[in-house]
S.K.: 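Could you have a look at this structure, given as structure tokens, before my questions?
A note on names: the letters A, B, ... follow the listed sequences, proteins ahead of strands, and every chain is numbered from 1.
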Amino acid sequence: MDLNESQRQAVTHVDGPLLVLAGAGSGKTRVITRRVAYLAEQGISPHHILAITFTNKAAGEMRDRVAELACPPGATICTFHSLCARLLRDYADLAGLSPNYSIYDRDDQLKVAKRAIEEANIAGSNFTPARVHGQISNLKNELKVPADVLDDGDRYIRNVAKVYGRYEKILAANNALDFDDLLMKMSFLMRQQPDVRDALGRRFQYVLIDEYQDTNHAQYILAHGIALDHENICATGDPDQSIYAWRGADINNILDFEKDYPDATVVRLEENYRSVQPILTAASTLIAHNRMRKSKNLFTRKEGGEAVGVLICDDEHAEAREIANRIDAYRNDGGAYGDVAVFYRVNSLSRVLEEALMKKGVPYRIARGTEFYNRKEIKDMLAYCKLLVNPADDVSCLRIINTPSRGIGQTSQDRLASYAAPAGLCILDATAHAEAAGVGGASLKKVNAFAAMMHELAADIDRADASVSKTLEDIFRRTGLEESLSGSDEDARQARANIEELISTAAEFDEQDHEDSEVGPLAAYLHQVALVSDVDRLEGATGAVTFMTLHAAKGLEFPVVFMVGCEEGLLPFQRGPSFPGMDEDIEKTEEERRLAFVGMTRSQTRLAMSCAKSRMVRGRRTPQAKSRFLDELGAETVRVEDLTTSMAELDRSGGFRNRMKRARGGRRRGGFYDEASQREIIEAMDDRLFEDGHRDDVDEPVPPEYAYLKPGCMVRHATFGTGKVVKLSQPWPKTRATVLFHEFGQKKLVLAHTSLDVLESENW
DNA sequence: GGTGTACTCATTTTT
DNA sequence: TGAGTACACC
């Protein structure tokens with residue numbers, strides 16, 4: 001067997017609780033997949049095996065790898081959320097739900113939170129939907145209902161409890177669940193219905209949970225509930241990689257596993273197959289500074305390897321330039337761009353890096369979860385589906401009642417809503433009583449037409465032969481979405497392509513068999529889609545440098561890694577001011593240290609960590625101190641390179657910036673061009689500034705970079721990346737431009753909000 | 001529905 | 001600084 005001794009031990013352990021403490025890069029995934037196959041070889045029906053992961057991506061990979069091991073199919077390999085979604089459909093009656101419930105995504109959840117705040121009549125900057133929703137989410141993860149915190153000592157929490165109560169009422173009225181509900185309702189169901197728990201225990205006789213260090217309380221209860229009788233529970237994870245406490249993950253779940261199961265077998269996977277010695281030593285030395293952990297002795301047999309670089313730079317621009325140069329050099333030495341990753345603590349650090357790489361012509365990609373399913377046209381389509389499956393879903397109803405616009409304006413919507421509420425109707429029902437609701441004139445006809453259309457669509461779905469893809473096609477055509485997107489502009493083209501893609505994923509879904517008899521295929525499809533984000537898309541070698549946050553890096557590996565912004569305040573992250581001697585939250589700092597550890601242990605052969613002595617933070621140049629973590633790496637395996645020059649500060653704070661600023665009437669941004677290209681721009685444009693760039697209406701020169709913004713220019717936007725200007729909505733001076741971005745289709749950008757950098761223009 | 005402007009707020013985000 | 005948003009106005 002191609003396993004080391006401890007891996008073998010973990011794989012071949014069959015009955016009873018097992019804790020696998022899997023160090024970074026120790027072959028954990030291999031152990032889990034082999035273990036599933038091994039259990040099957042021992043004559044255990046795969047039907048009785050449940051493997052739970054945190055992401056669909058991980059679940060998919062595990063399924064593939066188990067299949068490769070010639071394991072008979074039938075094991076349940078899925079995420080906590082998808083497991084619960086399925087069980088709640090099966091047990092809908094017992095859970096007091098209707099199985100066609102909608103699953104609300106983050107946007108929908110925030111809409112509900114917003115309404116709940118309004119209804120609870122609580123205002124204040126502490127009560128933003130996002131914030132309150134976060135609190136509610138945490139409470140749900142702890143399996144707390146509003147009543148549990150209604151008498152809390154903290155007034156803020158008491159108010160949150162009020163909103164939480166309203167929030168739950170709204171969800172219930174819409175027959176909808178949020179992500180946390182899936183876990184919470186299922187936990188409650190198991191608690192209240194011993195029969196359900198027994199049945200699940202009998203069905204899933206072997207339970208495996210991956211990334212156990214990131215489980216929250218609800219997930220803990222679920223896993224242990226299922227395993228209550230047989231105790232065949234195998235938890236794998238690494239406490240040193242627990243980085244989601246802020247989202248409710250409880251590191252004590254893994255630290256206390258042996259208390260929960262005193263008989264547990266504990267296996268430590270300590271041989272690292274990923275990193276060279278200096279990287280592993282530095283990372284281990286760093287993490288040894290944490291007190292809340294199980295000590296581990298990671299080792300590697302990989303010989304050699306360079307010392308970990310610690311780069312000290314003048315500022316973020318110097319840092320970015322240095323990294324760009326090194327990536328360039330690596331490539332010239334025969335390396336591939338795709339080998340390289342750059343990690344940062346916060347997304348905002350990516351900008352300067354992007355600029356530097358772009359200037360060097362180094363291709364890069366940013367790993368963000370900007371999902372396919374977040375696009376407007378996709379969400380519109382799915383909202384129609386949700387509404388058809390679940391007419392009570394007012395959030396979806398309001399989303400599409402006037403999309404595409406069909407003359408049902410805010411007023412009519414309000415009338416329908418206020419008619420529906422006291423009558424206990426949903427809004428879709430209310431459209432059948434539009435006249436009674438006070439909708440009159442032209443709007444009345446429009447509402448009636450909408451009601452009739454939805455009625456017809458619903459009737460068609462009920463026909464037995466309706467496949468999901470066919471339903472989607474019908475919706476696209478008959479709701480007028482197709483017509484509204486029939487234009488020839490890039491926006492519409494992209495939207496149509498996206499919808500085609502959606503329909504083909506639905507066709508794939510149609511191909512699979514689903515035993516789900518509780519609900520129709522459309523409902524099952526919606527539940528699946530709601531729980532899929534496409535981080536899966538970040539795959540394969542692309543020949544580009546990869547940028548991502550430290551959080552996003554978990555589970556990945558790269559030959560070459562740069563970690564930027566290793567400065568106090570950024571890593572460890574701290575909001576607000578701090579000073580020596582100030583009380584610190586040790587647990588938070590330890591999580592930050594784990595985050596640094598995760599980042600470092602992603603790298604296979606080369607690792608450089610950089611810091612800058614000064615950095616722009618929220619529009620202010622701020623002196624930065626290097627991260628304490630850099631001092632905790634141990635001196636032997638680290639090579640410090642001081643790249644600071646006394647000249648640098650002078651260059652940038654010098655007269656040129658001010659000149660730019662004055663030329664721009666004291667507004668707009670700066671800091672993108674290096675001095676040489678800035679001079680070039682100014683010189684090229686000095687005599688044309690008046691002609692092209694002077695605003696007649698305002699006695700103020702136009703910012704030079706915008707004066708030359710024309711169709712064909714390459715531009716860069718902080719959120720969307722680089723793109724090409726398709727058109728300006730009117731000739732300059734203007735405030736809006738349409739830009740074609742490779743990944744995001746066409747976006748209208750408001751230049752008055754200073755969101756663009758012009759990269760190159762034929763006019764220069 | 002498009003446009004301009006004034007305001008406020010600023011981690012990480014597997015589902 | 002800069003981006004999203006709320007709102008007023010056409």
S.K.: Contact class for A/Tyr244 vs. all strands (heavy atom < 4.0 Å): base, sugar-phosphate, or nothing?
M.R.: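 If one applies the 4.0 Å heavy-atom cut-off, A/Tyr244 turns out to touch a base.
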S.K.: Take atom CG of A/Leu349 and atom P of B/dA10, then tell me their distance rounded to the nearest Å.
M.R.: 17 Å
S.K.: Between C/dT5 and B/dT12, how far apart are the two P atoms, rounded to whole Å?
M.R.: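 Taking atom P in both C/dT5 and B/dT12, they lie 16 Å apart.
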S.K.: Does B/dT12 sit syn or anti, given that only angles within 90° of 0 count as syn?
M.R.: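 Because its glycosidic torsion lies more than 90° from 0, B/dT12 adopts the anti conformation.
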S.K.: Select from A/Phe573 and A/Asn402 the residue whose nearest nucleotide in DNA chain B is closer to the 5' end of that strand.
M.R.: A/Asn402
S.K.: Provide, to the nearest angstrom, the distance between the CZ atom belonging to A/Arg131 and the P atom belonging to B/dT11.
M.R.: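 Rounding to the nearest Å, CZ of A/Arg131 and P of B/dT11 are 12 Å apart.
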S.K.: What heavy-atom pair brings A/Asn290 and A/Glu590 nearest, and what distance separates the two atoms?
M.R.: ND2-O, 3.2 Å
S.K.: Please report the distance, rounded to the nearest Å, between CE in A/Met563 and C1' in B/dT12.
M.R.: 14 Å
S.K.: Look at the side chain of A/Arg618 against the base of C/dT1 and say whether a donor-acceptor pair falls under 3.5 Å; ignore hydrogens and angles.
M.R.: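 Counting by modelled atom types and ignoring angles, no donor-acceptor contact under 3.5 Å is found here.
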S.K.: Below 4.0 angstrom from OP1 or OP2 of B/dT15, is there any side-chain N or O of A/Asn56?
M.R.: yes
S.K.: Rounded to the Å, how far apart are A/Arg615 CZ and C/dT1 P?
M.R.: 18 Å
S.K.: Using the side-chain heavy atoms of A/His81, tell me which of these nucleotides is nearest: B/dT15, B/dT12, B/dT14.
M.R.: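 Taking heavy atoms from C-beta onward, the closest nucleotide is B/dT15.
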S.K.: Could you give the CG-to-P distance, from A/Asp210 to B/dT14, as a whole number of Å?
M.R.: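 The distance from CG of A/Asp210 to P of B/dT14 comes to 17 Å, rounded to the nearest Å.
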S.K.: Once the angle between the rings of A/Tyr220 and A/His217 is folded into 0 to 90°, is it parallel (under 30°), tilted (30 to 60°) or perpendicular (over 60°)?
M.R.: parallel
S.K.: Reckon A/Asp214 touches a base, only the sugar-phosphate, or nothing at all at heavy-atom distances under 4.0 Å?
M.R.: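 The answer is base, as A/Asp214 lies within the cut-off (heavy atoms under 4.0 Å) of a base atom.
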S.K.: Using 30° and 60° as the class limits, which term best fits the ring planes of A/His551 and A/Tyr244: parallel, tilted or perpendicular?
M.R.: tilted
S.K.: Check whether any side-chain N or O of A/Asn347 sits under 4.0 Å from OP1 or OP2 of B/dT13, and answer yes or no.
M.R.: yes
S.K.: A/Arg351 side chain N/O closer than 4.0 Å to the phosphate oxygens (OP1, OP2) of C/dG2?
M.R.: yes
S.K.: Quick one: label A/Arg106 by what it contacts on the DNA or RNA (base, sugar-phosphate, nothing), any heavy atom closer than 4.0 Å.
M.R.: nothing
S.K.: Would you indicate what A/Ser348 reaches in the nucleic acid, counting non-hydrogen atoms under 4.0 angstrom: base, sugar-phosphate, or nothing?
M.R.: nothing
S.K.: Rounded to whole angstroms, how far apart are CD1 on A/Ile243 and P on B/dT11?
M.R.: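 Between P of B/dT11 and CD1 of A/Ile243: 18 Å.
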S.K.: Describe the nucleic acid contact of A/Glu592 in one word from base, sugar-phosphate, nothing, applying a heavy-atom distance below 4.0 Å.
M.R.: base
S.K.: Starting the side chain at C-beta, find the nucleotide from B/dT14, B/dT12, B/dG1 nearest to A/Arg345.
M.R.: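 Ranking B/dT14, B/dT12, B/dG1 by closest atom to the A/Arg345 side chain puts B/dT12 first.
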S.K.: Pick out which of A/Lys111, A/Lys386, A/Lys379 makes a salt bridge (Lys or Arg N to Asp or Glu O under 4.0 Å) with A/Asp105.
M.R.: A/Lys379
S.K.: Of all the choices, B/dT13, B/dT15, B/dT11, which nucleotide is nearest to the side chain of A/Ala552 once you look at every atom?
M.R.: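 My answer, after comparing the listed nucleotides, is B/dT13.
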S.K.: Which residues pass the side-chain hydrogen bond (donor to acceptor under 3.5 Å, both in side chains) test with A/Asn402, sequence neighbours left out?
M.R.: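 side-chain hydrogen bond (donor to acceptor under 3.5 Å, both in side chains) check on A/Asn402 returns nothing, list empty.
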S.K.: Return no unless some side-chain N or O of A/Thr79 is found under 4.0 Å from OP1 or OP2 of B/dT14.
M.R.: no
S.K.: Taking A/Tyr104 as the fixed residue, which of A/Asp393, A/Leu177, A/Leu110, A/Asp181 is the one that meets the side chain to side chain contact (heavy atoms under 4.5 Å, CB included) rule?
M.R.: A/Asp393
S.K.: Figure out the CD1/P separation between A/Ile366 and B/dT12, and round it to whole Å.
M.R.: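 That distance rounds to 13 Å.
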S.K.: Using atom CD of A/Gln574 as one end and atom P of B/dT12 as the other, report the distance to the nearest whole Å.
M.R.: 16 Å
S.K.: On DNA chain B, nearest-nucleotide positions of A/Val346 versus A/Lys554: which is more 5'?
M.R.: A/Val346
S.K.: Could you please name the option among C/dA6, B/dT14, B/dG1 that lies closest to any side-chain atom of A/Lys114?
M.R.: C/dA6
S.K.: Looking at B/dT12 and A/Trp246: do their rings stack (centroid distance under 5.5 Å, interplanar angle under 30°)?
M.R.: yes
S.K.: Looking only at heavy atoms, which two atoms of A/Arg131 and A/Tyr156 are closest? And how far apart?
M.R.: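 Answer, listing the atom of A/Arg131 first, then A/Tyr156: NE-OH, 4.2 Å.
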